[in-house]
Trainee: 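Sending over a structure as structure tokens; questions will come in a sec.
Atom set for the values below is all heavy atoms of this structure, side chains included, hydrogens, waters and symmetry mates excluded.
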Amino acid sequence: MMSALLLIAAFASGAGPTGQIAYVAGTEQEDRSVHVLDLETGKTTQVGAGGRNGAPVWSPAGDWLVHEHKSQEGIGIRVVRPDGTEGRGLKTGQGWSWRPRWSPDGSKIAFMAGKGPESSLLATDLAARFTLHVYDLASNTATQWGGECPSLMRPIWIEADTAVTKALAAELKLSEADIPLDGYLAAIGLTKGESRLSTDICIVLPNKTIPLSMALDFFKNDYQEWAAEISPRGDKLVFDSNDGGDREVFVLSFRHGGVDVSNHRAADWNPVWGPRGRWIAFESFRSGRRGVYRAFADTVRVYPVAASERYDNWAPVWSPDGKWMAYVSDRTGHAEIFATEVSSEKTVQLTDGDLECLAPAWRPEEKE
Amino acid sequence: MMGRRFALLMFVAAAAAARQPDGALDLIITPNSGLPVILTPGDVFEADLTGEATLTLVGEAGALPLEAEWTERPGGRVQAKCTTPDSIAPGTYALEALAGQKRDRNVRAVFVRESMPTDYAICHITDVHIGKEKQPREPEDAFRELLAAVNKTGAAFVLVTGDITETGTPEQFQRFVEILDTCTLPTFVCTGNHDRADLNYERTFGPVTYMFRFGPDGYLVFDTKDFVVADELGSQDSALQRFRRAIKPARWSIGVTHRYWADMGMRSQLTLFADDPLDALIFGHWHRENREGEKRVPWGTTPVIVTPAAYQGALRMIMVTKRKIAPGLVQFADDKK
């Protein structure tokens, strides 16, 4: 009810954000459930089930959601329609299944799998711990990808017909037969360095894994990367890394090399591409607290979107038209979802209640 | 004389007003007996409350009113910046708040020392498991006996690293607090996976992630109670980054938690062990100590110190000096009889 009033007020004062936003809400992790908020009506529908729901991820067409949920083994993957119908857990055949991501055509879901809680401190155990799998929704079967490989985490899809693919194929000497037509994966590989664990961004094909450090000098180091994302146009890779002493956001163009776009002594992390691949949103502690900022990928100019010295803002997500950014803020005392219009900085509160509201995901527009 | 009697009367009357009937925190959130402040005369400390109030430190020598600068915090809370008088005597103090008719009192909240040491010992106990059944000894009896032994160690403070209850019920937390308050030393508590029910830990001790300074060193206490540890959705990553940076200038930056988990959120692991590695990580959960080959977090440089369970009677002394953080051998309360 309160969300509806807030949004009506936003619309009354001028155009507000439109579309639908999926998010998780709960008092704590055990009772978190996925919800979908309609921004025009303010109506919220609970679509998650079973508790311990993870961040919702929209299919490319916006007709499905996938999210982690409590399963018999601990954590599983579930798909559901935005109206809450047709919800089902996917039989992945794995113990813990998590971090699901849709393939570009929406026919498959990549996820990482592990055995569940592990208290080992041995680097060799951790470096062999996580595997990547692809679930085919048509045949309801899951296949492990990557061949013989280190632990692979946080998969993202790369379309076959992109500038990145062409560049990688040339650098890594891949043939057309190596690259599946419906896309392939990039992931963070956990590697055992000389004295400690490190990471490597890897290309993951059905039967092999190739660390980018094998081909690109930029990655021939012992720094730790995380949160890699491919641009919507498929021509650049963004990620955060502790290369340079503290954590920074880097954009890698396969033609022009890597650039530190955040460039600040405070930690910067979790980059998110804008819908047209020109802007990047990311989180930074440059104001003292965690805040949301945006940077133009080519000029490294950084602009605040939601930043304060008194509270945190995080988890930015762009609207499909790039005009708004939704994010989590604890300015009210607990986590709620807000949206800011990028050009005017007008801000509206989208959720308002007793539950912690987290992990917003804006529904994509249907492509013609 | 009259003033002293009046102060003592206040002390007695106020005892009944400590915490809510179910043991939950009331007007004063922090400091409390699981998250105290340790300071020297003249130091400033911060208190978090649900509303502005008249604040007083109450100790053996009587009651000392505090001057406070108030700041609003998100969610309707307020923070008081309090300056302790230069003349305050070393000792253990309760923090008392009076707001209209409402009175609250957190015992063992403020510990005043003559000075801060550069070399000192801390005591690590873990996994108290109040409510655990079918044990050779009732965990409450084991905990009581253990704290009697802890009181004789001369430690600067005590770390109690989680699984303080068996199933996280309010009754178990209440029983834990009652026994905890028999400890004469400052006690810093954190939550464990057994303590996760219904935010009862937060109602009893407040924040699950916090930092404190002791002398030249910084301590970062973080939360690993959730099923999916540090899952990157909530606010813990923010706190970890902020606190890690805040204690970076310290001589030693020491992590305190219930358990290290290989699957725990990567962002938290990168912050604590890769980008700016902690100098040590102290935890429990295993109900045993760490063995050969279990010396460091897999990210490379952070050594770990793991202590067996309190319900088994175990404690460990850790020496913190300018040269090193040195864990002593595990001791058992029985040894000290």
Side-chain angles (χ1 to χ4, degrees), chain A residues 24 27-30 32 52 54-55 68 70 74-75 96 98 114 116-127 129-130 153-154 188 192-193 195-199 224 226-227 242 246-247 266-267 269-270 283 285 288-290 310-312 314-315 328 330-335 356 358-359, chain B residues 71-77 193 196-199 201-202 208 225-229 231-235 237-242 244-246 259-267 269-271 273-277 281 283 285-286 290-291 293-304 306:
Chain A
V24 285
T27 58
E28 50 174 339
Q29 191 183 85
E30 289 299 301
R32 278 190 200 146
R52 218 182 281 159
E68 295 157 8
K70 186 191 280 191
I75 295 290
W96 281 37
W98 42 337
E118 174 58 66
S119 59
S120 171
L121 296 183
L122 297 177
T124 42
D125 284 349
L126 191 57
R129 182 157 179 69
F130 306 112
M153 307 168 67
R154 205 183 179 280
I188 307 291
K192 190 171 179 309
S195 59
R196 58 182 185 157
L197 278 178
S198 190
T199 67
Q224 287 86 35
W226 189 243
N242 55 10
D246 74 302
R247 196 147 282 270
W269 63 37
N270 291 336
E283 299 163 3
F285 287 78
R289 301 289 296 245
R290 193 171 178 185
R310 293 175 52 237
Y311 51 82
D312 294 317
W314 69 99
V328 181
D330 59 8
R331 67 189 69 180
T332 63
H334 67 275
E356 300 262 311
L358 305 164
Chain B
T71 313
E72 278 183 15
R73 286 169 59 88
R77 294 251 180 107
N193 50 294
R196 74 164 73 111
D198 294 331
L199 302 177
Y201 179 91
E202 288 86 337
V208 292
K225 71 173 174 1
D226 281 331
F227 190 84
V228 181
V229 176
D231 67 4
E232 299 184 28
L233 299 192
S235 59
D237 285 345
S238 312
L240 290 179
Q241 173 61 34
R242 210 155 32 87
R244 183 66 194 95
R245 190 178 173 88
R259 52 182 173 153
Y260 173 77
W261 231 208
D263 308 61
M264 61 190 280
M266 275 296 290
R267 183 61 70 198
Q269 296 206 64
L270 291 172
T271 298
F273 310 122
D275 295 350
D276 210 348
L281 183 67
F283 63 93
H285 182 68
W286 293 351
N290 45 319
R291 305 178 186 127
E294 294 176 332
K295 295 299 186 194
R296 297 185 183 281
V297 168
W299 293 96
T301 62
T302 301
V304 304
V306 188

Trainee: Is it the backbone or the side chain of V304(B) that comes under 4.5 Å from a heavy atom of chain A, or both, or neither?
Mentor: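 Answer is side chain: those atoms of V304(B) sit under 4.5 Å from chain A.
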Trainee: Go through R331(A), R154(A), R247(A), E68(A) and name the one with the most non-hydrogen pairs under 4.5 angstrom from chain B.
Mentor: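 Heavy-atom pairs under 4.5 Å are most numerous for R247(A).
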Trainee: Which heavy-atom pair separates W314(A) from L233(B) by the least distance, and what is that distance?
Mentor: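 For W314(A) and L233(B), the tightest heavy-atom pair comes out as NE1-O, 2.9 Å.
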Trainee: My understanding is that only residues two or more places apart in sequence, or in another chain, count here; which of them pass side chain to side chain contact (heavy atoms under 4.5 Å, CB included) with E232(B)?
Mentor: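 E232(B): side chain to side chain contact (heavy atoms under 4.5 Å, CB included) contacts with R99(A), W226(A), D237(B), M266(B), R267(B).
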Trainee: Among G76(B), A274(B), A197(B), which residue forms the greatest number of heavy-atom pairs with chain A at distances under 4.5 Å?
Mentor: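 Sorted descending by pairs with chain A, the first entry is A274(B).
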Trainee: Quick check on N270(A) against chain B: is it the side chain, the backbone, both or neither that has a heavy atom closer than 4.5 Å?
Mentor: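 Interface part for N270(A): both.
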Trainee: Report the option among T271(B), L270(B), D276(B) that has the most heavy-atom pairs separated by less than 4.5 Å from atoms of chain A.
Mentor: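 Most heavy-atom pairs under 4.5 Å with chain A: L270(B).
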Trainee: Indicate the atoms forming the closest heavy-atom contact of P74(B) with Y311(A), along with that distance.
Mentor: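 In terms of heavy atoms, the two residues are closest at CG-CB, 4.2 Å.
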Trainee: Measure distances from N290(B) to the heavy atoms of chain A and classify the residue's part below 4.5 Å as side chain, backbone, both or neither.
Mentor: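 Neither part.
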Trainee: When you measure from the centre of the six-membered ring of F285(A), is the NZ or CZ of R245(B) under 6.0 Å away and within 45° of the axis?
Mentor: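 Not satisfied by the 6.0 Å and 45° rule.
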Trainee: Where on V328(A) is there a heavy atom nearer than 4.5 Å to chain B: the side chain, the backbone, both, or neither?
Mentor: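 When you check distances to chain B, no heavy atom of V328(A) falls under 4.5 Å.
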Trainee: Side chains of E30(A) and D226(B), heavy atoms from C-beta outward: is any pair under 4.5 Å?
Mentor: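 In short, these two side chains do not touch, never coming nearer than 4.5 Å.
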Trainee: Any Lys/Arg nitrogen of R32(A) or D231(B) sitting under 4.0 Å from an Asp/Glu carboxylate oxygen of the other?
Mentor: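 A salt bridge is present here (some side-chain N lies under 4.0 Å from a carboxylate O).
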Trainee: Return the set of residues passing side chain to side chain contact (heavy atoms under 4.5 Å, CB included) with T302(B) (not counting sequence neighbours), or none when no residue passes.
Mentor: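 Residues passing side chain to side chain contact (heavy atoms under 4.5 Å, CB included) with T302(B): F273(B), P277(B), L278(B), L281(B), V297(B).
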Trainee: Would you say the side chain of Q224(A) lies within less than 4.5 Å of the side chain of W299(B), judging by non-hydrogen atoms?
Mentor: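 In contact.
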Trainee: Determine the minimum heavy-atom distance between E72(B) and R310(A), stating which atoms define it.
Mentor: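 The pair with the smallest heavy-atom distance is O-NH2, 3.7 Å.
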Trainee: Can you name the closest pair of heavy atoms from F130(A) and D263(B) and give their distance?
Mentor: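 Here F130(A) and D263(B) meet closest at CE2-OD2, 3.6 Å.
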Trainee: Which region of A315(A), side chain (C-beta onward) or backbone (N, CA, C, O), has a non-hydrogen atom less than 4.5 Å from a non-hydrogen atom of chain B, or is it both or neither?
Mentor: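 For A315(A), no heavy atom lies under 4.5 Å from chain B.
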Trainee: Just give me the residue among A246(B), S235(B), A239(B) that pairs up with chain A most often, heavy atom to heavy atom, under 4.5 Å.
Mentor: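 With the most close heavy-atom pairs to chain A, the winner is S235(B).
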